[in-house]
There are 2 protein chains.
Amino acid sequence: MSDSRENFIELMGRIHQHDGQSRIHGRLFGLLLMEKKGLSLQQMADRLQVSKASVSTNARHLKEKGLIRLTSSPGDRQDYYELVSSPYDQMYDLIRKDMLDMAGQIAEAREQLEGEDSVIIERVERLEEFYRISAEVLGDIANKLRK
Amino acid sequence: MSDSRENFIELMGRIHQHDGQSRIHGRLFGLLLMEKKGLSLQQMADRLQVSKASVSTNARHLKEKGLIRLTSSPGDRQDYYELVSSPYDQMYDLIRKDMLDMAGQIAEAREQLEGEDSVIIERVERLEEFYRISAEVLGDIANKLRK
DNA sequence: TTTATCGTTCAATATGTATTGAACAATAAT
DNA sequence: ATTATTGTTCAATACATATTGAACGATAAA
């Protein structure tokens with residue numbers, strides 16, 4: 001494993017951690033992004049020097065998010081994981097969903113604030129708008145990428 | 001403090017925590033969003049039932065991010081904090097800066113990968129683009145809000 | 001001067017959760 | 001039938017950091 005690859009993989013670990021996932025989650029994504037062919041759980045655990053338990057759970061999470069996919073070869077009972085062809089639109093969608101969810105939660109909270117001063121209500125509406133508009137523009141990008 | 005306000009404040013605590021800040025950071029933001037007039041550190045600590053140490057540090061962070069501002073009254077040596085008139089464009093800017101920073105870090109890592117397969121390089125370029133484009137569109141919204 | 005108030009800093013601790021090791025079921029190999 | 005692989009789950013722990021209490025300096029009040 002070259003230094004420049006390790007460097008990239010570690011960067012992805014830090015970025016995913018910054019984004020609320022675990023460090024290994026990001027390292028795994030970085031590792032598979034560096035590999036054209038799928039890797040087995042054991043291979044990933046060896047290269048990242050982490051337990052296979054961590055690889056198993058984090059690979060599941062990445063798969064659920066649509067960033068990697070499971071593959072297999074005939075006569076081999078190991079699971080192989082590889083990057084999906086375009087994880088980028090999934091990434092836009094993930095942020096979009098998060099933002100939309102927050103906008104929804106704020107809307108719920110706002111509805112309970114009916115008696116409040118209009119200035120306060122308006123602040124909450126603006127906040128809600130922040131998340132909703134952010135979600136929209138990111139969703140637009142994802143759609144453009146897909147078509 | 002009404003239930004609906006507390007509910008909103010707690011929601012903001014959870015949202016900020018989800019976004020990588022502390023729970024009190026979000027609660028403080030939520031509290032000041034519910035108040036038209038500035039609150040002193042002691043008032044904020046009392047209403048949120050947290051230590052004044054937490055309020056002090058988190059208020060500083062919110063102030064550095066441009067979401068709240070320090071005010072004062074004549075004949076009173078307490079510090080008062082209130083929401084800035086439009087924290088929303090600051091919020092766009094904060095995400096924009098984060099995204100742009102990540103794009104920059106990925107670019108640095110990519111430059112070290114020169115010998116690699118072109119498929120791999122392209123993946124990294126796409127990833128970089130994801131963060132850069134996200135930063136751009138969010139920055140555009142902030143600019144529209146400001147003018 | 002003494003006493004009280006206000007805000008900050010920092011070492012100690014509380015807290016949440018990422019990570020792991022071990023146990024396990026399922027399957028394949030011998 | 002026995003042994004070895006493979007992947008998952010979960011309780012235990014390692015780890016990062018949010019939060020606090022206490023000490024402090026600065027300033028105002030008494």
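Per chain, numbering begins at 1; letters A, B, ... match sequence-line order.
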Exercise for review: Sugar-phosphate atoms are those with a prime plus P, OP1 and OP2; base atoms are the rest. Using that split, label each nucleotide of nucleotides 22-30 of chain D B, S or - for protein heavy atoms under 4.0 Å, 5' to 3'.
Suggested key: -----BS--
Study note, to complete from the structure: Closest non-hydrogen atoms of A:Leu138 and A:Ile95, given as atom of the first, atom of the second and distance, are CD1-CG2, 3.4 Å
**Study point:** Sub-4.5 Å side-chain heavy-atom contact between A:Ile106 and B:Ile15
**Key:** yes
Check your understanding: Does A:Arg126 come within less than 4.0 Å of A:Glu122, counting only side-chain N to carboxylate O?
Key -> yes
Study note, to complete from the structure: A:Asp79 atom CG is separated from D:dT8 atom C1', nearest whole Å, by 11 Å
Exercise for review: State which residues pass side chain to side chain donor-acceptor pair (under 3.5 Å) with B:Arg146; sequence neighbours excluded, sorted by chain then number.
Suggested key: B:Asp93
**Study point:** B:Arg60 vs A:Gln17, nearer the 5' end of DNA chain C by closest nucleotide
**Key:** B:Arg60
Exercise for review: Go through the structure and list residues passing side-chain contact (heavy atoms from CB on, under 4.5 Å) with B:Ala53, not counting sequence neighbours.
Suggested key: B:Ser51
**Study point:** Atom-pair distance (CG on A:Asp76; P on D:dT6), nearest Å
**Key:** 8 Å
**Study point:** First of B:Val55 and A:Tyr81 reached from the 5' end of DNA chain D, by closest nucleotide
**Key:** A:Tyr81
Point to revise | Among D:dG7, D:dT8, D:dT19, the nucleotide that comes nearest once only the side chain of A:Gln78 is considered | key: D:dG7
Review point. Quick one: are B:Val124 and B:Glu116 in side-chain contact, heavy atoms under 4.5 Å?
Key: no
Study note, to complete from the structure: Contact span of DNA chain C against chain A, any nucleotide atom under 4.0 Å from a heavy atom, 5' to 3', runs C:dA18 to C:dA28
Point to revise | Inter-residue atom distance B:His18.NE2 - A:Met102.CE, 0.5 Å rounding | key: 4.0 Å
Check your understanding: Considering only heavy atoms, which members of residues 20-51 of chain A lie under 4.0 Å from some atom of DNA chain C?
Key -> A:Ser22, A:Arg23, A:Ile24, A:Val50, A:Ser51
Check your understanding: Would A:Glu82 and A:Arg69 pass as an ion pair if we require N to O under 4.0 Å?
Key -> yes
Practice item. Check step by step if side chain to side chain contact (heavy atoms under 4.5 Å, CB included) holds for A:His61 and A:Ser22. Key: CA-CA 10 Å; A:His61 292 151; A:Ser22 76; over 6 Å; no
Practice item. Kindly indicate, with the supporting measurements, whether the criterion side chain to side chain contact (heavy atoms under 4.5 Å, CB included) is fulfilled by B:Asn58 and B:Gln21. Key: CA-CA 9 Å; B:Asn58 282 291; B:Gln21 289 99 28; over 6 Å; no
Practice item. Report the residues that fulfil side-chain contact (heavy atoms from CB on, under 4.5 Å) with B:Glu108, sequence neighbours left out, ordered by chain and then residue number. Key: none
